[in-house]
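One structure is given here, and the rest of the page talks about it.
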Amino acid sequence: MKRKLASAIVIAGMMVSVAACGGNDGKDSGKDAGPGSWKGQTLTVWTMDGSAPPQWTKDVQAGFEKKTGAKVKFEIQKWDGIQQKITTALSEDNPPDVLEVGNTQTPAYAATGGLADLSDVKKEIGADWTPSLSQSSVFDGKQYAAPWYFANRVVIYNKAIWAKAGIKSTPKTRDEFFKDLETIGKKTDAEPLYLPGQNWYFLDGLIIGQGGDLVKKQGDKYVSNLSDPKVSAAMETYKKYASYSKAPKDKDEATPQQAQVFAKGKTGAFIGMGWEAGTAVQANKAIEKDLGYFTIPGETAAKPEGVFLGGSNLAVAQNSKKQSLAKEFLKVALSDQYEGELAKLSGIVPNKTSLQSNLKGNAVAEAAAPAAAGGGTTPLIPEWAAVENTPNPIKSYMTAVLNGKDPAAAAKDVEGEINKRLAQQN
């Protein structure tokens, strides 16, 4: 999951145009002959290393073969260099038929013409896909992929420290959370929260929770929206959280790894991905018995905090010669039976709220799931890719605000660079 979410960052300046190589040249080269031709065929599906559990793969293969008479060949891909590999594959005449693509990568691939329109699949099996999870599959109003699985940040806390502070339950609102952190600071010698100044995906979640966006349309181009009052409000909330932390204001959550800091047993909580709990346990096995999880609380108990949703979609290559068979694969793999099985086996957030019952007993997943419906992503435009390149100007903005600069002034300092990057040709 760690590597998966890292790959969910949008493609950075390396997309090549595949529109000229598309399969729609007046011939029916992008589609097979339909159900009568499926028996005996083999469909090629690319999934990423760690995404599809062996049992799920085996069961989907059997279900697909029983329904269609065709076989499916899963080819596992490594994360390193995958964006360029997919880009190249989509430009060729014989690409993989179905591909796993990062949710925030999807619009960039769709913009090149490399993905097939899946509006018919959405109509048949996707009426109750969670809208926030399906959003990244849509480009220019059309469904170019199908939501597969997702994950988001939760609060990972040290039960022993919270008990020492006399806290008997987890908070349901943001203000209750702040009160608990204050209590930990007063009644224990622990750092209440470890929150480095540049945990920018947590900030993105806060912006989503405010109903804000990082870009806006100006004429026919996108420009920075960092000076929006909603973004400023989110940053002020981040600043409040950071006031309970001694973490560096100019570092992100990987420098040092926040889970390893938490593993020392002197921190009340941190905000991170579920897999980071495993990182903490690897660093200090004794911490395992004290691990607890809860949903990041929002302004009210009825609505959790906004979160950045990392995850994967499944797409069909525009140049696939087996498009109808590929779509039939999606109908099998994304059916309630197999989507529910994937959630149960992997602890991921499934593409429908109705399937979250499969997460019962998985503490991390149960903490993550309630926030999914109100979650979102970074801007779903190909132009966004360059903005996150190092040095990320939004991280610079965050550090400036935490060091006392007014959010509007800090935004003004970096918006020129953001706009320059948004204007780059991908």
Side-chain angles (χ1 to χ4, degrees), residues 1-2 5-6 151-165 167 170-174 176-185 187-206 209 234-235 237-298 304-308 310 347 363-368 370-371 375 395 398-399 402:
M1 183 63 72
K2 177 179 178 181
L5 294 176
N152 51 265
R153 284 162 177 77
V154 299
V155 180
I156 302 174
Y157 73 105
N158 186 315
K159 293 179 180 179
I161 291 174
W162 284 55
K164 186 176 181 179
I167 303 171
T170 55
K172 299 299 184 289
T173 69
R174 189 189 301 146
E176 288 177 6
F177 192 11
F178 289 151
K179 184 178 179 180
D180 288 342
L181 294 174
E182 188 173 339
T183 299
I184 291 169
K187 294 188 175 182
T188 76
D189 58 358
E191 180 180 10
L193 179 72
Y194 186 84
L195 180 66
Q198 297 183 348
N199 188 340
W200 108 262
Y201 283 110
F202 175 46
L203 173 62
D204 186 52
L206 296 175
M235 188 62 218
T237 298
Y238 190 103
K239 188 175 182 179
K240 176 73 172 177
Y241 274 113
S243 70
Y244 297 102
S245 176
K246 298 175 183 177
K249 294 180 173 64
D250 60 348
K251 303 294 183 183
D252 63 21
E253 67 275 21
T255 317
Q257 286 288 343
Q258 60 181 4
Q260 294 179 348
V261 175
F262 177 81
K264 297 175 182 178
K266 299 179 180 179
T267 304
F270 73 101
I271 295 166
M273 303 300 300
W275 56 260
E276 291 183 85
T279 301
V281 172
Q282 285 181 346
N284 177 18
K285 180 68 175 176
I287 200 76
E288 187 171 13
K289 68 182 186 304
D290 295 324
L291 287 174
Y293 314 89
F294 60 87
T295 308
I296 304 172
E305 186 56 83
V307 290
F308 171 80
V364 176
E366 287 185 306
K395 289 185 175 182
M398 295 172 71
T399 297
L402 293 178

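Keep in mind that the numbers below use all heavy atoms, side chains included, and drop hydrogens, waters and symmetry copies. No experiment lies behind these values; they were computed from the predicted model shown.
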To the nearest 0.5 Å, what is the distance between OH on Tyr244 and CD1 on Ile184? 10.5 Å
Criterion side-chain contact (heavy atoms from CB on, under 4.5 Å) on Met235 and Leu402, from CA distance to verdict: CA-CA 9 Å; Met235 188 62 218; Leu402 293 178; 3.9 Å; yes
Going from CD1 on Ile271 to CD on Glu253, what distance comes out if it is rounded to the nearest 0.5 angstrom? 11.0 Å
Quick one: sort the Phe308 and Tyr201 rings into parallel, tilted or perpendicular, breaks at 30° and 60°. tilted
Show your working on side-chain contact (heavy atoms from CB on, under 4.5 Å) between Ile287 and Lys289 and close with a plain yes or no. CA-CA 6 Å; Ile287 200 76; Lys289 68 182 186 304; over 6 Å; no
On a heavy-atom basis, the closest approach of Ile156 and Met273 is CD1-O, 3.5 Å
Side chain Ser245, main chain Ala247, donor-acceptor under 3.5 Å: yes
Hey, is the main chain of Gln282 close enough, under 3.5 Å, to the side chain of Lys285 for a donor-acceptor pair? no
Rounded distance [0.5 Å steps], NZ in Lys239 versus CG in Leu203: 13.5 Å
How about Pro256 and Val261: do any of their side-chain heavy atoms sit closer than 4.5 Å? yes
Would the distance check show the side chain of Thr188 and the main-chain N or O of Ile161 forming a donor-acceptor pair, the cut-off being under 3.5 Å? no
Let me confirm one number: the OG1-CG distance from Thr399 to Asp250, rounded to the nearest 0.5 Å. 5.5 Å
Would you check if there is a donor-acceptor pair between the side chains of Thr279 and Gln260 at a distance under 3.5 Å? no
In terms of heavy-atom contacts, Asn152 and Ala371 come closest through ND2-CB, 4.1 Å
Where Gly274 and Val364 come nearest, the two heavy atoms and their spacing: CA-CG1, 3.4 Å
Keeping to residues at least two apart or across chains, list the salt bridge (Lys or Arg N to Asp or Glu O under 4.0 Å) pairs with something in residues 270-281. none
How long is the straight-line distance from CG of Asn158 back to NZ of Lys264, given to the nearest 0.5 Å? 14.5 Å
Tell me whether Lys240 forms a cation-pi arrangement with Phe178, defined as NZ or CZ under 6.0 Å from the six-membered ring centre and within 45 degrees of its axis. yes
Proximity of Phe294 and Phe177 rings by center, below 6.0 Å: yes
Considering residues at least two apart in sequence or located in another chain, which fulfil the salt bridge (charged side-chain N to carboxylate O under 4.0 Å, His left out) criterion with Glu182? Lys186
What residues, two or more places apart in sequence or in another chain, satisfy side-chain hydrogen bond (donor to acceptor under 3.5 Å, both in side chains) together with Thr183? none
Evaluate side-chain contact (heavy atoms from CB on, under 4.5 Å) for Trp200 paired with Asp252, printing each intermediate quantity in order. CA-CA 8 Å; Trp200 108 262; Asp252 63 21; over 6 Å; no
With sequence neighbours excluded, tell me which residues meet salt bridge (charged side-chain N to carboxylate O under 4.0 Å, His left out) with Glu305. Arg174
Do any N or O atoms from the side chain of Lys187 and from the backbone of Gly185 form a donor-acceptor pair under 3.5 angstrom? no
Please check if the side chain of Trp162 supplies one atom and the backbone of Tyr157 the other of a donor-acceptor pair under 3.5 Å. no
How many angstroms lie between atom CD of Glu191 and atom NZ of Lys266, to the nearest 0.5 angstrom? 11.5 Å
Evaluate the side-chain contact (heavy atoms from CB on, under 4.5 Å) criterion for residues Thr295 and Val154: first the C-alpha distance (whole Å), next the side-chain angles of each, then the deciding distance (0.1 Å), finally the verdict. CA-CA 5 Å; Thr295 308; Val154 299; 6.0 Å; no
Determine yes or no for a side-chain-to-main-chain donor-acceptor pair under 3.5 angstrom, with Tyr238 supplying the side chain and Asn199 the backbone. yes
By ring pair (Phe, Tyr, Trp, His ring centres under 6.0 Å) - contacts of Tyr293 (at least two apart): none
A side-chain contact here means heavy atoms from C-beta on lying under 4.5 Å apart; do Asp189 and Lys164 qualify? yes
Between Ala259 and Ala280, the two heavy atoms sitting closest are O-CB, 3.5 Å
Closest non-hydrogen atom pair, Gly268 against Ala190: N-CB, 4.5 Å
All ring pair (Phe, Tyr, Trp, His ring centres under 6.0 Å) counterparts of Phe262, not counting sequence neighbours: Phe270
